[in-house]
Every structure is written in C-alpha cells, then in structure tokens.
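The structure appears right after this line, and notes come after that.
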Protein chains: 2
Amino acid sequence: MNSSQAVAPELDASCCPPPAAALSAEDARQKALVFKALSDPNRLRLLSFVKADESGESCVCDLTEPLDLGQPTVSHHLKILVDAGLLHRQKRGTWAYYSLVPGALERAAGLLTGL
Amino acid sequence: MNSSQAVAPELDASCCPPPAAALSAEDARQKALVFKALSDPNRLRLLSFVKADESGESCVCDLTEPLDLGQPTVSHHLKILVDAGLLHRQKRGTWAYYSLVPGALERAAGLLTGL
DNA sequence: CTCGTATATTGATGAAGGTCAATGTGGAGG
DNA sequence: CCTCCACATTGACCTTCATCAATATACGAG
C-alpha cells in the first residue's frame with residue numbers, strides 16, 4: 001500500500017522535446033512529482049551533502065547528524081528522493097549508500113527551462 | 001497573518017556563486033520555497049499557459065477555464081507564484097495581467113544545477 | 001449613485017506531508 | 001544461536017496545503 005516503485009518518468013526520458021503548446025494535466029502532474037521531492041529543505045540538504053561528499057556516496061548514518069533529524073526521518077526523505085529518480089541506493093553489507101543519479105539534477109532543471 | 005510580502009530572495013540574487021560546501025539550513029529553507037511553488041501541477045500549468053501566450057501575459061479569467069478550477073483557487077495559486085518571484089502581476093483597469101519574470105525559470109533551474 | 005464584472009480575501013474542510021517513537025529486518029561478529 | 005548494528009517500516013500526531021463557497025474590494029459603464 002505504498003509507492004515504493006513510483007519512479008518519476010520525466011527524469012528517465014532521454015531528453016525533453018520543446019513542448020510547443022501548454023502542459024497537459026498529466027504532464028504537469030508528473031513533473032510536479034519531481035519538484036515536490038525538491039520542495040523540502042532537508043531533502044535539498046541531503047542532495048547537497050551527497051553531492052559534496054568526495055566519494056560521491058553517503059550512508060544514512062553520515063547524513064543523520066548534520067541534519068539534526070532522526071534516522072527514520074532521514075530514511076523517509078531519502079526514499080522520496082530515490083523514488084523521484086534523483087538519488088540511487090546501493091546496499092553493501094549493513095550499510096546503504098546513496099549517490100546522485102548522473103544528470104538527474106540537470107534533467108530536473110531542464111523541466112523548468114523547457115516549460 | 002499572511003505571507004503576501006514573502007519574496008524568495010534566491011530568484012532576486014544577481015547570480016549563483018558555486019556553493020563550495022553543502023547547503024546551510026537557511027539556504028535550503030529559502031531555495032525550498034521556490035520548489036514548493038513549483039510542486040503543484042496546476043501551478044506548473046499556470047506557468048506554462050502564461051509562457052505560451054503570444055502576448056506574454058494572461059489575466060485570471062483566461063486561466064480559470066483551461067485549468068477547470070474556481071477563480072479564487074486560481075488567484076491563490078497565482079499569488080504563490082508571484083511571491084516565489086516567478087510571475088509578475090500588473091493590474092490594468094479591472095483586469096490583472098500575469099507575466100513571467102524574465103529569467104526566473106532559468107535562475108530556478110540554476111538552483112538545481114548549482115547544488 | 002447603482003449595477004455588473006474581474007479579482008482578491010476569508011473561513012471551513014478534507015487530504016497530504018514531516019516528524020518521531022516503536023518495531024521489524026537482515027547482515028556481521030562472537 | 002545470540003547479540004549488536006545499520007537501516008527500513010509502521011502508526012500516530014500535528015502542521016501545511018489545495019480547494020471551494022461566501023464575501024469583500026475595486027473599477028468601468030450607464
């Protein structure tokens with residue numbers, strides 16, 4: 001009864017054809033999902049922290065403290081960013097490493113300039 | 001008890017210096033305001049309609065019908081977009097004309113690529 | 001001044017979202 | 001097998017938000 005598999009399709013599309021006309025209700029609904037994932041300060045900071053890390057990936061335990069949030073809350077936010085197609089999750093042993101999906105931020109930016 | 005004057009400062013900044021480090025809580029809070037304004041499907045469509053209009057501006061009455069929303073709801077969304085620095089409002093006579101703030105979408109996109 | 005029109009504001013309502021405490025899961029070590 | 005650790009999930013609470021009906025405001029026409 002959750003939305004674990006809901007991946008924003010806009011970020012998977014190879015590119016963004018110029019819309020020519022206005023957004024349809026469906027297009028708007030799906031693009032809004034990406035910006036909804038970006039509309040929380042703590043999620044923006046999570047993206048920032050992951051991107052700033054030298055290794056390019058961070059585990060939950062590294063992100064909990066600087067955000068001053070509980071571990072379940074951080075996991076929740078990370079899941080939203082993964083579902084939006086912005087972060088990638090790789091589990092190694094007990095740890096879960098999160099990394100930026102290459103080009104995802106640029107594609108999200110393209111959703112704006114290509115409105 | 002409202003936020004009529006809350007203008008997102010990020011969109012007014014002349015440019016976006018490379019962050020070097022990670023986002024502060026305050027930076028994240030203000031940038032999230034812009035994406036929160038973009039996180040609603042109907043607001044994305046409003047931006048799209050305004051941009052697609054040949055004259056570059058649209059009045060509320062032109063936007064109410066294609067969105068299939070009530071007039072107060074459309075006014076509410078437009079206000080949020082104005083407060084976020086994305087739309088500009090100009091009142092002429094009885095009508096209120098909304099237009100895209102030049103470069104605002106590009107600056108919002110820059111908030112992402114410059115994370 | 002009065003009426004009609006276009007827009008903004010207020011108040012209420014139901015849905016969605018962020019957070020935490022508690023619990024579940026699954027791998028590593030003894 | 002048992003225990004600790006990192007992380008995920010669940011359930012509950014409270015806040016925020018999108019929407020509408022009703023009302024207010026402001027302007028133009030007559």
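Since the model is a prediction, treat every value here as computed from it, not as a measurement. Residue numbers start from 1 in every chain, and the chains themselves are labelled A, B, ... in the order their sequence lines are given, proteins ahead of strands.
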How many whole angstroms separate atom CZ of B:R92 from atom C1' of D:dG28?
16 Å

Pairs satisfying side-chain hydrogen bond (donor to acceptor under 3.5 Å, both in side chains), at least one member in residues 69-78 of chain A, at least two apart:
A:R43-A:H77, A:Q71-A:S75

Are any side-chain N or O atoms of B:S39 and backbone N or O atoms of A:S39, one a donor and one an acceptor, separated by less than 3.5 Å?
no

All pairs passing salt bridge (Lys or Arg N to Asp or Glu O under 4.0 Å) where residues 61-74 of chain A contributes a residue, at least two apart
none

Looking at residues at least two apart in the chain, or sitting in another chain, which of them share a side chain to side chain contact (heavy atoms under 4.5 Å, CB included) with A:P41?
B:A28, B:R29, B:A32

On a plain distance test, is the side chain of B:Q71 in donor-acceptor contact with the base of C:dA8 below 3.5 Å?
yes

Mark yes or no for whether A:S48, through its side chain, and A:L44, through its backbone, hold a donor-acceptor pair below 3.5 Å.
no

What is the distance, rounded to the nearest whole Å, between atom NZ of B:K91 and atom P of D:dC27?
7 Å

Applying salt bridge (Lys or Arg N to Asp or Glu O under 4.0 Å) as the test, list every pair that has at least one member in residues 89-100 of chain A; sequence neighbours left out.
A:E57-A:R92

Winner on side-chain proximity to B:T94, out of D:dA8, C:dG26, C:dT5, is C:dT5

Which hydrophobic side chains are connected to A:Y97, either touching it within the sub-4.5 Å cutoff or through other members that do?
A:W95

I need the CG-P distance between A:L38 and C:dG17, as an integer number of Å.
14 Å

Return the polar atom pairs (N/O with N/O) between nucleotides 14-19 of chain D and the protein under 3.5 Å, or none.
unit_1, atom_1, unit_2, atom_2, d
D:dA18, OP1, B:R43, NH1, 3.2
D:dA18, OP1, B:R43, NH2, 2.7
D:dT19, OP1, B:N42, ND2, 2.7
D:dT19, OP2, B:H77, NE2, 2.2

Rounded to whole angstroms, how far apart are CG on A:L33 and C1' on C:dA16?
13 Å

Gap between atoms OH and P, on B:Y97 and C:dA6 respectively (whole Å)
11 Å

Remember a base hit wins even if backbone is also touched, and classify B:Y98 as base, sugar-phosphate or nothing at under 4.0 Å, heavy atoms.
sugar-phosphate

Could you give the CG-to-P distance, from B:L46 to C:dT7, as a whole number of Å?
13 Å

If you look at every strand shown and take non-hydrogen atoms under 4.0 Å, does A:R89 touch a base, only sugar-phosphate, or nothing?
sugar-phosphate

CG of A:D68 versus P of C:dC20: gap in Å, rounded?
8 Å

Please report the distance, rounded to the nearest Å, between CG in B:L67 and C1' in D:dC20.
15 Å

